[in-house]
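These notes concern the structure reproduced below.
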Amino acid sequence: MRDAYHEELDSIGDGLVEMARLVGSAIGRATTAILDSDLKLAESVIEGDQKVDDLQHELEARAIALLARQQPVATDLRIVVTSLRMSADLERSGDLAQHVAKLARLRFPNRAIPHDLHATILEMGQLAQRLMAKAAEVIVTKDVDLALQLEQDDDAMDLLHRTLFQHLMDDRWKHGIETAVDVTLLGRYYERYADHAVAVAKRVVYLVTGEHADDLQQEIQPVAGVEGA
């Protein structure tokens, strides 16, 4: 019975990794769709989000059944509860990738992104994909140090987000209000996607240590300061 129980716990973890890989692929393909005005690719991202939703529902059902049957405590309880929260973060990430694809579909056959912002959006999409890949690795390895690094990596996304707004506020902006709204929404989608990847990593920290990532970082920083003195 215990072997079956732990196999079920492991299967929940496997499902989370699969979700992370799906939404990582989705944001990459959605970025290509928005930059290349690729309707077929956009449609595949939009339709593919159903698989992410189905996985989340399946994981929720497994977790709730496990809670009811086994009444886990201590670390096992943390695994189940934290997994439920991670699945919600990953499902929302899939929605955000779908939003990018829907904007590509909305503007087809035109390109939603002006040429002078192409490089910035491409970089945001690539960074979002890398962040989610690292979050998937954290789920597998339970590497706390790697998980804590994600928040630092997310600073690069915040910087790119600010870069978009600098373009929008520039007096030389010549692409009109509609495009400005599109760019504003896209920036928000990528920024929030990155936040969800960071949230997944933080939840792994809590799963492993029983401490919240922010509290753990505050404990580490004063020590680093003493060493550097």
Side-chain angles (χ1 to χ4, degrees), residues 16-53 55 86 89-139 146 149-170 173 175 178-201:
L16 290 171
V17 173
E18 179 64 14
M19 285 184 73
R21 288 173 177 161
L22 285 172
V23 301
S25 172
I27 196 67
R29 291 182 294 119
T31 301
T32 300
I34 196 87
L35 293 176
D36 295 349
S37 190
D38 189 327
L39 180 61
K40 184 177 180 180
L41 189 58
E43 292 286 7
S44 76
V45 174
I46 294 165
E47 294 170 6
D49 188 56
Q50 185 60 51
K51 185 172 182 180
V52 176
D53 293 344
L55 266 174
M86 283 194 282
D89 282 312
L90 293 168
E91 188 275 335
R92 184 57 185 146
S93 299
D95 287 345
L96 290 163
Q98 187 185 57
H99 291 341
V100 175
K102 283 183 175 179
L103 185 55
R105 183 175 66 180
L106 178 66
R107 299 303 176 211
F108 181 83
N110 298 318
R111 294 177 186 266
I113 305 303
H115 181 72
D116 53 334
L117 290 180
H118 190 286
T120 302
I121 294 298
L122 176 61
E123 191 173 354
M124 292 181 87
Q126 291 173 339
L127 178 56
Q129 195 167 8
R130 289 197 302 272
L131 284 167
M132 191 56 73
K134 191 174 284 189
E137 184 179 352
V138 167
I139 295 171
L146 183 62
Q149 287 174 18
L150 253 78
E151 189 158 20
Q152 296 174 1
D153 296 340
D154 182 48
D155 291 342
M157 184 66 82
D158 294 336
L159 180 59
L160 288 167
H161 195 204
R162 288 194 294 272
T163 298
L164 282 183
F165 274 96
Q166 289 171 359
H167 280 277
L168 291 170
M169 300 302 292
D170 195 311
W173 177 262
H175 304 294
E178 183 177 87
T179 301
V181 171
D182 288 347
V183 170
T184 301
L185 288 172
L186 275 176
R188 182 60 173 163
Y189 296 154
Y190 286 114
E191 188 264 340
R192 288 298 298 143
Y193 184 101
D195 286 347
H196 284 294
V198 172
V200 168

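Keep in mind it's a predicted model, so treat the numbers as computed, not measured.
Here the straight-line distance linking atom CG of Leu22 with atom CD of Glu18 works out to 4.5 Å at 0.5 Å rounding. Here the NE2 atom belonging to His99 is positioned 13.0 Å from the CG atom belonging to Leu106, to the nearest 0.5 angstrom. For the atom pair CD of Glu137 and CZ of Arg21, the computed distance is 10.0 Å after rounding to the nearest 0.5 Å. Taking NE2 of His196 as the reference point, atom CD of Glu191 lies at 9.5 Å (rounded to 0.5 Å). In this structure, the separation between CD on Glu178 and CG on Asn110 is 9.0 Å, given to the nearest 0.5 Å. Rounding to the nearest 0.5 Å places NZ of Lys102 at 8.0 Å from CG of Asp95.
Side-chain atoms of Gln98 come within 3.5 Å of backbone N or O of Ile46 as a donor-acceptor pair.
Annotation: salt bridge (Lys or Arg N to Asp or Glu O under 4.0 Å) contacts of Asp155 (sequence neighbours excluded): none. The ring-ring contact (aromatic ring centres under 6.0 Å, His included) search around Phe165 returns His161, not counting sequence neighbours. With sequence neighbours excluded, the residues satisfying side chain to side chain contact (heavy atoms under 4.5 Å, CB included) with Thr120 are Met124, Leu160, Thr163, Leu164. A search for side chain to side chain contact (heavy atoms under 4.5 Å, CB included) contacts involving Ala180 returns Leu168, Trp173, not counting sequence neighbours. In this structure, the side chain to side chain contact (heavy atoms under 4.5 Å, CB included) partners of Leu185, at least two apart in sequence or on a different chain, are Val181, Tyr189. Residues passing the side chain to side chain contact (heavy atoms under 4.5 Å, CB included) test with Ala42 are Ala33, Ala101, Ala104, sequence neighbours excluded. Checked against side-chain hydrogen bond (donor to acceptor under 3.5 Å, both in side chains), Gln50 has the following partners two or more places apart in sequence or in another chain: Asp54.
Nearest heavy-atom pair, Leu127 versus Met157, reported as atom, atom and distance to 0.1 Å: CD2-N, 3.3 Å. Taking all atoms of both residues into account, the shortest heavy-atom contact from Ala97 to Val45 is O-CG1, 3.9 Å. Ala197 and Met132 make their closest contact through CB-CE, 3.9 Å (heavy atoms, listed as atom of the first residue, atom of the second, distance). Residues Glu91 and Val52 approach most closely at CA-CG1, 4.1 Å, considering heavy atoms. A pairwise comparison of heavy atoms in Val200 and Ala135 identifies CG1-CB, 4.2 Å as the closest pair.
Two residues are said to be in side-chain contact when any heavy atoms from C-beta on lie closer than 4.5 Å; Tyr193 and Leu131 fail this criterion.
For residues 28-49, no pair satisfies ring pair (Phe, Tyr, Trp, His ring centres under 6.0 Å), with sequence neighbours left out. For residues 23-35, the side-chain hydrogen bond (donor to acceptor under 3.5 Å, both in side chains) pairs, not counting sequence neighbours, are Ser25-Arg29, Arg29-Ser44, Thr31-Tyr190. Sequence neighbours left out, the pairs with a member in residues 121-135 that pass side-chain hydrogen bond (donor to acceptor under 3.5 Å, both in side chains) are Lys134-Asp153. Sorted by first and then second residue, the pairs that involve residues 36-50 and meet salt bridge (Lys or Arg N to Asp or Glu O under 4.0 Å), not counting sequence neighbours, are Glu43-Arg105.
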Name every donor-acceptor pair, under 3.5 Å, that has one atom in a side chain of residues 111-118 and the other anywhere in the protein, sequence neighbours excluded.
residue : atom : partner : partner atom : Å
Arg111  : NH1  : Leu35   : O            : 2.4
Asp116  : OD1  : His175  : NE2          : 3.2

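Using a cutoff of 4.0 Å between basic side-chain nitrogens and carboxylate oxygens, Arg92 and Asp89 are not scored as salt-bridged.
A side-chain contact (heavy atoms from CB on, under 4.5 Å) with Arg107 is found for exactly one of Thr179, Ile34, Asp182, namely Asp182.
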